[in-house]
*Asks:* 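Handing you a structure now.
Letters A, B, ... are given to chains in the order of the sequence lines, protein chains preceding strands, and every chain is numbered from 1. Owing to the predicted nature of the structure, the values given are computational and were not obtained by experimental measurement.
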Amino acid sequence: MSYKAPRGTADILPQDANKWQFVEAKIKEICNRYHFHEIRTPLFEHTEVFQRGVGDSTDIVQKEMYTFEDRGGRSITLRPEGTASVVRSFVENKLYGSVNQPVKLYYFAQMFRYERPQKGRMRQLNQFGVEVLGSADPAVDAEVIDLAMTCYREMGLTSLKLVINSLGDKESRENHRQALIDHFTPHKNELCGDCQMRLEKNPLRILDCKKDREHPAMKTAPSILDYLNDESQCYFEKVKEYLTLMGIEYHVDKNLVRGLDYYNHTAFEIMSEADGFGAITTLAGGGRYNGLVEELGGPNAPGIGFGMGLERLLMALEAEQREIPVDSSLDCYCIAVGEQAEKEAVRLVHNLRNHGIQVDKDYQSKKMKGQFKAADRYEAKYVLILGEDELNQQHIAVREMKTGNQENIPLSEVVDVMKAKLLGGNQL
RNA sequence: GCGGCCGUGGCGAAGUGGUUAACGCACCGGAUUGUGGCUCCGGCACGCGUGGGUUCGAUCCCCACCGGUCGCCCCA
């Protein structure tokens, strides 16, 4: 036991891997229905991509990035989130020139954040995310939120809460920002250290502070919703209308601001309300980021997306006791006793596998009894028994484990017989 | 970065300042010389996170470090 996985990382072992496969397959199927297409971008980017994309004032950039210098002296960062990378790729590969607009993308990717791990928080984490680039239609905002909610719903989760807010457009944000500065500056010395810095860099995030939540100035703070200009207000109303049309429940939270600089207009978070979920309840979060494409050197293409934590999704499934269907049984287990039988077994197992049958055999030099025990543990449907007697007779004993029925089949026919038994139909 | 709790076999889990470190599960062998799931019998930690210290003696007491876990900040 000399080596351990680095702090905040975890191995996904076979018994859990099938849960991941189930979840990923389900989500991909949903993405296909919503006509989203997969994109895969590099695990790391030039550090500037995240500094520019995510924003210098964010916690992610200030203290959570895995940044290092490569052998060529370039500053490289393991991606802490998905949007900046996808937008970089969108610009670099000129996807804005595609005839198919908007560009609707999804990804499954590992993210890296240097944080103290706790329940639901890892240094390497898995996210599913989507990005829609090239449309400023509020129906797209609703579609993206709908897609996220559908993933959870079809997975059987019910204790969910969708929270939305509007951060407005550039003009609204600027007016609101000034109002916040005017409001909080007289109280500057009463705020926590973080918020004193936020006052200058990003006063919006003061609203998100949990330390100063009880400060009287918080309750009277100017709300972004009061500073939305007509256009922003109208946009927000349409998003809410579309959600209602689809029967999606939501709660407006004027203090929801999200931690990344690039958001404007729609911001949303999906949280679990299940018991025993832990201190962290956010399952997914996202929002609109008009202007980010330009920030990263592209044309004026609007965008919206979200990131969904897959570890947290699995936690939520567990918290709500949603069982993931898993078939752990094995079609066939081949038992061999004796040197000649062992050779025949190797050949037979190979043949069966190449005819589409799932088979395994013993490699521990176990006696027959031990091999049966293994077959039992593996929940083998059939056991094929090869010993001296069988070899002499040129047949093989086929035992159905559930019933205990056993019959001898000529070796030359065993592949066809097993195909008929296991793969169904008249394939003889 | 800060704080609480924890660190005994493959896993779960007792335990005591003093010659042999419970028990359960799993695993292995046997009863059953070629047939599983039940039962019975037997086996399975020169070792109690690492390094110091206290002591005649430490798994158990103290300190440091490492690791895990939960929480704070913030987020997926």
*Asks:* Assign A/N126 to base, sugar-phosphate, or nothing according to its heavy-atom contacts below 4.0 angstrom with the strands shown.
*Replies:* nothing

*Asks:* In this structure, is the centre-to-centre distance between the rings of A/Y289 and A/Y263 below 6.0 Å?
*Replies:* no

*Asks:* Taking only Watson-Crick and G-U wobble pairs with both distances under 3.5 Å, what dot-bracket line describes RNA chain B, where [ ] shows pairs that cross earlier ones and | shows pairs with another strand?
*Replies:* (((((((..(((.....[....))).(((((.......))))).....(((((..]....))))))))))))....

*Asks:* With a cut-off of less than 4.0 Å, is there a side-chain N or O of A/R121 near OP1 or OP2 of B/G71?
*Replies:* no

*Asks:* Assign A/K63 to base, sugar-phosphate, or nothing according to its heavy-atom contacts below 4.0 angstrom with the strands shown.
*Replies:* base

*Asks:* Within the structure, does a side-chain N or O atom of A/Q127 lie under 4.0 Å from either OP1 or OP2 of B/A76?
*Replies:* no

*Asks:* For the side chain of A/R7 and the base of B/G67, is some donor closer than 3.5 Å to an acceptor across the two?
*Replies:* no

*Asks:* Do A/E390 side-chain and B/G34 base share a donor-acceptor contact under 3.5 Å?
*Replies:* yes

*Asks:* Counting only side-chain nitrogens and oxygens, does A/K369 get under 4.0 Å of the OP1 or OP2 atom of B/C28?
*Replies:* no

*Asks:* With a 3.5 Å cut-off and no angle check, do the side chains of A/T77 and A/E45 form a donor-acceptor pair?
*Replies:* no

*Asks:* When A/Y250 is tested against each of A/T244, A/N165, A/I145 for side chain to side chain contact (heavy atoms under 4.5 Å, CB included), which residue passes?
*Replies:* A/T244

*Asks:* Please determine whether any donor N or O and acceptor N or O are separated by less than 3.5 Å between the side chain of A/Q406 and the base of B/U35.
*Replies:* yes

*Asks:* Looking only at N and O atoms, is any donor in the side chain of A/R312 or the base of B/C75 less than 3.5 Å from an acceptor on the other one?
*Replies:* yes

*Asks:* Within less than 4.0 Å of OP1 or OP2 of B/G37, is there a side-chain N or O belonging to A/K402?
*Replies:* no

*Asks:* Hey, is the side chain of A/E64 pairing donor to acceptor with the base of B/A76 inside 3.5 Å?
*Replies:* no

*Asks:* Check whether A/Y363 forms a cation-pi arrangement with A/K361 (NZ or CZ under 6.0 Å from the six-membered ring centre, at most 45° off the ring normal).
*Replies:* yes

*Asks:* Looking only at N and O atoms, is any donor in the side chain of A/R116 or the base of B/C73 less than 3.5 Å from an acceptor on the other one?
*Replies:* no

